[in-house]
Protein chains: 2
Amino acid sequence: MTRDDKTDLMTIRQMCDAYDVTPRTLRFYEAKELLNPIRQGTRRLFTRRDRARLALILRGKRFGFSLEDIRQTLDLYDREGGISAQRQKAYELAVKRLAEMEAQRAELDLAITELKAELAEAEAQGLVPRHAA
Amino acid sequence: MTRDDKTDLMTIRQMCDAYDVTPRTLRFYEAKELLNPIRQGTRRLFTRRDRARLALILRGKRFGFSLEDIRQTLDLYDREGGISAQRQKAYELAVKRLAEMEAQRAELDLAITELKAELAEAEAQGLVPRHAA
DNA sequence: CGTTACGCTGACGTTAACGTCAACCTGTCT
DNA sequence: AGACAGGTTGACGTTAACGTCAGCGTAACG
């Protein structure tokens, strides 16, 4: 609706270059309703909203969430839209996701500590670190 | 070799109950050389080592590592075995994994912060948290 | 000795998340 | 006009990580 929406559009290739994904991936995400680029004729044009969502998708994936998991929470990030049932659901899901992420963080901390200890132990046993000081 | 190795064995079902996995999963992991239970006749008996490895496998999965990724670093955790080329490689890989995990933690922290802000924003907009104080 | 429980080995099926390929349109540069 | 770059839609292939099922063995129980 704003002026930006008209100027701030990207082709599929620009998206691919910017986010290091393939066209196939973007089309796939659209099919799965994670993105919905507008059409100029038959071609896709990705909006600022699409890009924000894509960034969240890629991040979510790095944390091990499935695309379906991600899809269900994406709506939370949509400003304008008020208090739809959609957003209400997204909110509740997001609260769960937050808990999962905090649990994951705790476990990650533990794992990092343990792995460091294991590496130290290995070094003590004689495994020579290549780039040792 | 120690006395424990003889007493401290578990059947496949005990393993399944203890770690909440299916028999299929354990056999699959064995086929992929992530575990190698001893055999009593045709049946599998899982050692303490298998259990340690399984715990690491499940943890690794939670962090989004592939079984192949995990397999390549598991050797690091094998005490006895000295300084084989295997362990040397595992060590180097583990150093990389550590870096990945620390990066992941940093991103996770950021994501948690952002998600919290987003939730706060949503609440401010009128999305009512169910269990609000 | 039958059967019930537990386990084993193939072998094929399934789901997620894309990759790959063919066949087609379309703007534009020469 | 020709051709080339860039995009599109199916449709089928692929990989990881198992699920499922059939057919078989065997140990213990009643």
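Just so it is clear: chains get the letters A, B, ... in the order the sequence lines come, proteins before strands, and each one is counted from 1.
Counting only heavy atoms from C-beta on, B:Tyr29 has its side chain closest to D:dC18 among D:dC18, C:dG7, C:dC18. Side-chain atoms of A:Ile12 lie closest to D:dT8 of the nucleotides C:dA17, C:dG7, D:dT8. Comparing D:dG7, C:dC18, C:dC8 against the side chain of A:Lys61 picks out C:dC18 as the nearest. Here the nucleotide nearest the side chain of A:Phe28, chosen from C:dC8, C:dG7, C:dA17, is C:dA17.
In terms of phosphate contacts, B:Arg71 brings no side-chain nitrogen or oxygen within less than 4.0 Å of OP1 or OP2 of D:dA16. The phosphate of C:dG7 has OP1 or OP2 within less than 4.0 Å of a side-chain N or O from B:Thr11. An OP1 or OP2 oxygen of D:dG19 is reached within less than 4.0 angstrom by a side-chain nitrogen or oxygen of B:Thr22.
Counted within 6.0 Å of CD on B:Gln40, heavy atoms from surrounding residues, nucleotides or ligands total 12 or fewer; the atom is thus considered open.
In terms of modelled atom types and a separation under 3.5 Å, the side chain of A:Arg105 and the main chain of B:Ile112 share no donor-acceptor contact. In this structure, A:Asp50 contributes its side chain and A:Asn36 its backbone to a donor-acceptor pair below 3.5 Å. Side-chain N or O atoms of A:Arg87 include one that pairs as donor or acceptor with a backbone N or O of A:Leu76 at under 3.5 Å.
A:Arg44 comes within 4.0 angstrom of sugar-phosphate atoms only, judged by non-hydrogen atoms across all strands, and of no base. When heavy atoms are screened at a 4.0 angstrom cut-off, A:Arg13 is found touching the sugar-phosphate backbone but no base atom.
When rounded to the nearest whole Å, the span between CE of A:Met15 and P of D:dG7 equals 12 Å. Summarising the geometry, the separation between CG on A:Asp69 and P on C:dA17 is reported as 9 Å, rounded to the nearest angstrom. B:Asp17 has its CG atom 10 Å from the P atom of C:dC6, to the nearest Å. Across the protein-nucleic acid pair, B:Glu30 atom CD and C:dG7 atom C1' stand 13 Å apart, rounded to whole Å. Taking atom CD of A:Gln40 as the reference point, atom C1' of D:dT8 lies 13 Å away to the nearest angstrom. Nucleotide D:dA16 holds its P atom 6 Å from the NZ atom of B:Lys32, rounded to whole Å. Between B:Arg27 atom CZ and C:dG10 atom P there is a gap of 12 Å when expressed in whole angstrom units. Spacing between atom CG of B:Leu34 and atom C1' of D:dA16 amounts to 13 Å, rounded to whole angstrom units.
Closest-nucleotide positions on DNA chain D for B:Phe65 and A:Arg24 were compared, and the one nearer the 5' end corresponds to A:Arg24. Residue-to-nucleotide proximity on DNA chain C shows that, of A:Thr25 and B:Arg43, the 5′-proximal contact is made by B:Arg43.
Here CD of B:Glu92 is found 12.5 Å from CD of B:Gln72. Values are rounded to the nearest 0.5 Å.
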